Amino acid sequence: LKERSEFLSDRLLQDSARLSETNRQLLAANRALEEVKYALTASEDRLQVINKSLPAHIAYLDRNLVYRFSNLRLPEIWGIPKNSAKKEVVGEKMEDIFPSDIFNYLKPFLEQSLDGETISTEYDNPTEAQPDHAVRVVFTPEKNQKGEVIGLFVLSTDITDQRKVANSIINAQRLEAVTQLTGGLAHDLNNILTIVLGNLSRLQEQLGDTEDDDAENTIISTKKAARRAARIMESLVAFSRRRALEPRATNVSRVLRELYGLAVPNLPPSIQLKLEMPDASMTAFIDESAFQDAVINLLFNARDALPGR
């Protein structure tokens, strides 16, 4: 009995030790599982935050086009009024979520994607708030190990601003082309005006000391108009070449008198233009051509704004 008792005691001690070791292993495994659970929960929370923060509608459809996952961006991206959109789309068919015109447009692309193709398309969806609202949607098939399509990943993004940027780039390119064309035309016209001014000068010399004041005045006014046109052409060339302004000390009194002489013949009899300046010449550090353009535009805008026209 004594030997049997000692044997059983040793056996009990051995079993207790193994049991303690097993308990320690179980506790370690439980701690590891808790850490994995915490990490998975944190990762899921991060994914949920990312899904909510992304400016896109992310979803998953099964082969029957039933939503199995969807973030909350569907009404915002697709312009569906929140009061008419279902709060929970998971478990709902796509055709029950979207207006019929949108679903009917997307249906052929959905069928292509269910056949195994990744499909991307754009849909113009004007709303009262955004008349130029547009959406790009991408359907990506998910396949099992046999290569069979079991569902579709859906990514929808609002491309309204992207289109605006693209249109702005296109308009800028068109403006650049027009600018280059304008510069070429201005250069050619400037050469023609140079010839006209030269012929007018020779004609003025040929008149000499004749007393034909009308002809002399006509030549002088024509030369002033031609010089004015030449300065306009220079401005166009400067614009086409993006040349900086060239300010310099300029006799403003002289410039205003010249502009006065050009402006008066272009005014109707019902409008009188009066030039009042101090006796002393006024001088300013300006670009003469730009100043002339500004004054002429001001005069003609004022003329067109007066009542009775």
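Nothing fancy with the numbering, it's 1 onward along the sequence. What you are looking at is a predicted structure, and each value in this text was computed from that prediction instead of being measured.
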Please tabulate, one pair per line, all N/O donor-acceptor pairs under 3.5 Å involving side-chain atoms of residues 55-66, not counting sequence neighbours.
from : atom 1 : to   : atom 2 : distance (Å)
H57  : NE2    : S70  : OG     : 3.0
Y60  : OH     : E142 : OE1    : 2.5
D62  : OD1    : N64  : N      : 2.9
D62  : OD1    : L65  : N      : 3.1
D62  : OD1    : V66  : N      : 2.9
D62  : OD2    : R68  : NE     : 3.0
D62  : OD2    : R68  : NH2    : 3.0
R63  : NH1    : V149 : O      : 3.0

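- Note on I150: it clusters hydrophobically with F69, by side-chain heavy-atom contacts below 4.5 Å among ILVMFWY residues.
- With sequence neighbours left out, the ring pair (Phe, Tyr, Trp, His ring centres under 6.0 Å) criterion links F291 to no other residue.
- Atoms OG1 and CZ, from T283 and R248 in turn, are 14.0 Å apart once rounded to the nearest 0.5 Å.
- By the 4.0 Å N-to-carboxylate-O rule, E276 lies close enough to K274 to be salt-bridged with it.
- Note that CD of E117 is 5.0 Å distant from CD of Q112, once rounded to the nearest 0.5 Å.
- Nearest approach of P141 to L152, heavy atoms of both residues: CA-CD2, 3.7 Å.
- Annotation: ring pair (Phe, Tyr, Trp, His ring centres under 6.0 Å) contacts of F139 (sequence neighbours excluded): none.
- In this structure, OG in S281 is found 6.0 Å from CZ in R257, a value given to the nearest 0.5 Å.
- Distance CG/L110 to CD/E95: 10.5 Å, rounded to 0.5 Å.
- Checked for salt-bridge contact, E21 and R18 miss the test: no charged N lies under 4.0 Å from a carboxylate O.
- Under the 4.5 Å side-chain heavy-atom criterion for ILVMFWY residues, a single connected hydrophobic cluster contains both V255 and V295.
- Separation of atoms CD1 (I219) and NZ (K223) is listed at 8.0 Å; rounding is to 0.5 Å.
- Looking only at side-chain heavy atoms (C-beta outward), V137 and V154 come within less than 4.5 Å of each other.
- A salt bridge links R254 with E258: at least one charged nitrogen is closer than 4.0 Å to a carboxylate oxygen.
- With contacts defined as side-chain heavy-atom distances shorter than 4.5 Å, the pair I286/P247 does not qualify.
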Walk me through whether L19 and N23 qualify under side-chain contact (heavy atoms from CB on, under 4.5 Å). CA-CA 6 Å; L19 182 61; N23 284 335; 3.9 Å; yes
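- Side-chain contact between M282 and N251 is absent, with no heavy-atom pair separated by less than 4.5 Å.
- Closest approach of A280 to S253, counting heavy atoms only: O-OG, 4.2 Å.
- A heavy-atom distance below 4.5 Å is not found between the side chains of K224 and R228.
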Would S156 and R136 count as a side-chain contact (heavy atoms from CB on, under 4.5 Å) here? Give the steps. CA-CA 6 Å; S156 306; R136 177 184 293 122; over 6 Å; no
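- Looking at R73 and D158, no side-chain N of the basic residue comes within less than 4.0 Å of a carboxylate O on the acidic one, giving no salt bridge.
- Just one of Y67, W78, F103, Y123 meets the ring-ring contact (aromatic ring centres under 6.0 Å, His included) condition when paired with F98; it is W78.
- Residue I102 holds its CD1 atom at 7.5 Å from CG of L106, rounded to the nearest 0.5 Å.
- Annotation: side chain of T140 is not in contact with side chain of L155 (no heavy-atom distance under 4.5 Å).
- A 4.5 Å side-chain heavy-atom check between V135 and I159 finds every atom pair outside the cut-off.
- Put simply, M277 and L273 are part of the same group of oily side chains (I, L, V, M, F, W, Y) that touch within less than 4.5 Å, one to the next.
- Residues T160 and A134 come closest through the heavy atom pair OG1-N, 3.1 Å.
- Nearest heavy atom pair, residue I97 against residue E92, reads CD1-CB, 3.7 Å.
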